[in-house]
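Report on the structure given below.
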Amino acid sequence: MHYLRLLQTYYRLSILNELQYRANLVMQTFSSLVQLGIGLAGIGLVFYNADSLGGWQPAELLVVLGVYTLIAGISRSLIMPNMYELMEGIYDGKLDYTLTKPEDSQLLISITRFQPWRLVDVIVGLVVIGLAISRLAGTIGAGQALVFAILLLCGAIIIYCFWVAITTLTFWVIRMWEVFEMFEAAYQAGRWPVGIYPTWLQLGLTFIVPVAFAVTVPAQALTARLSLPILLMALFVTALALGASRWFWFRGLKSYAGATA
Amino acid sequence: MYSLGGTLRQLANILVAEYKVRLMAGWQYRFQQSLGLMGLMFEAVIYLVVWTTVAESRGGEVGGFTTGELAGYYIGWMFVRNMTTGWSPQWFEYRIREGEFNTALLRPIHPFFPDISHMMAGKTTWLITLLPSMAILAWIFQPQVTFVAWSLIAMAPALILAFLLRYTLMYVWALTAFWTTRITALFELYFALEFFFSGRIAPLALLPEWAQTIARYLPFPWTFAFPLELMLGRLTPNETLFGFAMQALWLTIAVIAVRAIWRRAVRHYSAVGG
Amino acid sequence: MGPGSSHRTSIMKSAISARNLSKTYIVHERSGGLRAALRGVFRREKKEVEAVKSISFEIQPGEIIGFLGPNGAGKTTTLKMLSGLLHPTGGQGFVLGYEPHKREKDFLKQITLVTGQRNQLVWDIPAIDSFEVNQAVYDIDREQFRRTVDEYIELLELQELVRKPVRQLSLGERMKVEIAAALLHRPKVLFLDEPTLGLDVPMQRRIRRFIADYNKQEGATVLLTSHYMSDVQALCKRVIVIHQGEILFDGQLSHLVQQFTGYKEIVVEPKERGIDLSRYGEIMGEDAGRVSFRIPREEVPAVAAKLLADIPMFDLSVEEPPIEDVIERVFAGGNIETAS
């Protein structure tokens, strides 16, 4: 149908563009492995010094690491390139070209750029999760896997909404570069289960920078820590985020168009 | 031909002039720049919490650090991290694209020096936000530190050398931006090694023995953990002397590396153009 | 004492000397489409591009030379080679006795390069503050620096401009302060790459005058590239025309016109409009009642006489063709009509 074809057009363009840079795949794989190495070494160091981290066992922390890597892959291949492009487009006026197109503006700014090589992280994340599950005591039932997949999708959507909202701030703020840097750094907190952080920080990591919903909650689904209230909350927050970010986007657009009129 | 005193005086003038100008320029963006600082601080808080959790599961201590001492480590961490930042290859890539290097190459001074001033100006702006932030975090995490007078005094030169060493090493990497944008992967590996062996992810004492031994012979601890541990008064005089020796050694190596790479970088740049 | 002494004595006279200067780039090529893109992942096609093909010229101290040529002709590449930013792939260049690519300190202190990009000045602060950096970098005597700054501020009318952050200035204002900054250390050789590009006419004139005055006062050598004939006509007696990396012409501007075109322009303002005058010669255009003819040089006296005799008119004038036209014809390639 129409939207699928739109997606296909834009993604195909991005892929064509990226194929020029043959070294990128090698680089990305190398980079993903380095990041994985850091994650594993970090977990290793923790368990060199202790038996558990806030009640989480090594294999369970591997699940967290796997989910973190997976979400990072989705974010860096599908979401972030568009956000950076949007930020630049607002500053140098190129956004105007997008706005003259007869399609939903939020859709357009979300699909123009796709960096396929970064999907390597998704593969790495899945492999790590697979390995971690094989080491966990119980087995994963189909129901659990389904819930996990749903929560993963919710997590990705929430992250997307978060970044749309942050990037929308560019309409008002002269220099967003450091804001981006700051939030990207905050994500590192997702390498570890948010339960270990002090309460005030947990709240921030749930409602301000949605690390909890993106990483910890899906990981909880696979490590038998998920409760129904949390699952429902995740679904609710996803819906809320979609609505709120869309509303905010159009607010920003109104102020932008008003300024140049 | 040229008197050493004259050249030093001229160099000092250039450093000061560049510093003033960059401070002025950066001042207008001090708020935004401070947000970048927050990013750095996140890392410290994350690992402070991780190791505190570990310590608490062991009865309150890990690697010779109590939870209070861990808090002291990671708050001091923020200060040392700020003071030892250097230029990234991404920044140099940006400058090359903007044509800034043409201007730099046309000037009768090696860009290494005004770049130091530029970096110091950035640090100055950060300090304005850093110090209050450290105070707030100290109030939240209740650090325990016993300052030792001579150790604190020794920290000053150690910090300066740590900065120069790290700055120079990063400069070598940054110069690779002249050849290729492909070096990012290797740089990431370097950064990862530094993350572990410099004392950033955890105090070095938490590393396995073999890792600590390796670390001593790498430049990393001398760019970070050394001044930090001096600040906290955790080193013996012998260890301190060893540290200074390593700093001097690695700084010499780094300077030689920069000179060699610079020549190649310019040659490549002038073959291909800006 | 000095750089490469033996070289120095032999080219002591020229300020700028180019001997068979060449520059070749290697470029990666790719055709369109997905299959070609995939192929490109495994095999790259390389192509050599000769930007500058063995050009030679000598420029004496104090000359102002105009470098003319279409985009991509090799002008900027040559300028970059002579200022030391690019390493020649063949031949040699000498500026003030130095080999530019060696980038010796004493060489750099005597030259300056001004391009359209952001050059000297820090974007977010007033130019007057950036000037201080130049004073330090070029080790300019403080007294002399003060005097130079005051002089330039007056000549270029920068009083208010130097106190505003550079990013708040218009393009023309920015160019003025950039040029001022570029000349603070009173260099002996100026490389100016399109210094008046995008500026309005009064601004162009002011900058032109500044350069001319500077040249006269300092005896500096100026190598100037420009799209605007008015720049070249106002400042340069001698021009060097570059096309596709080769020198097509090196000499007086007036000779350029004569050598490259066998035509002159006759402009007639007849009293009666609407008459068909095409039998007198090739009509180039009509503008506000004035008709321009393109007439071969030898026939000009005859045609002019006939027009004067036949047509009642307000005015008749004989002109050289506009230099833009001349240059365009030169670059059209091969179409060089010489005076017979």
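These numbers were taken from a predicted model, which means no experiment stands behind them.
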Where does [X] contact chain C at under 4.5 Å (heavy atoms): side chain, backbone, both or neither?
X        : value
B:Phe113 : neither
B:Val16  : neither
B:Arg9   : side chain

Geometric class of the C:Phe67/C:Phe57 ring pair [parallel <30°, tilted 30-60°, perpendicular >60°]: perpendicular

More than 12 heavy atoms from other groups under 6.0 Å of CD on C:Glu48: no

Ion pair B:Arg166/B:Glu194, N-O distance below 4.0 Å: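 Salt bridge: yes.
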
Under 3.5 Å side-chain donor-acceptor pair for [X] and [Y]:
X        : Y        : answer
B:Tyr171 : B:Asp115 : yes
B:Thr85  : B:Tyr167 : no
C:Arg146 : C:Thr148 : no

Chain C contacts, top residue of B:Glu18, B:Arg107, B:Arg22 (heavy-atom pairs, under 4.5 Å): B:Arg107

Top of C:Asn134, C:Asp129, C:Thr77, C:Ile111 for chain B proximity - count of heavy-atom pairs under 4.5 angstrom: C:Asp129

Which of C:His101, C:Lys109, C:His87 touches chain B most, by non-hydrogen pairs under 4.5 Å: C:His87

Region of C:Val137 that comes under 4.5 Å of a non-hydrogen atom in chain B: both

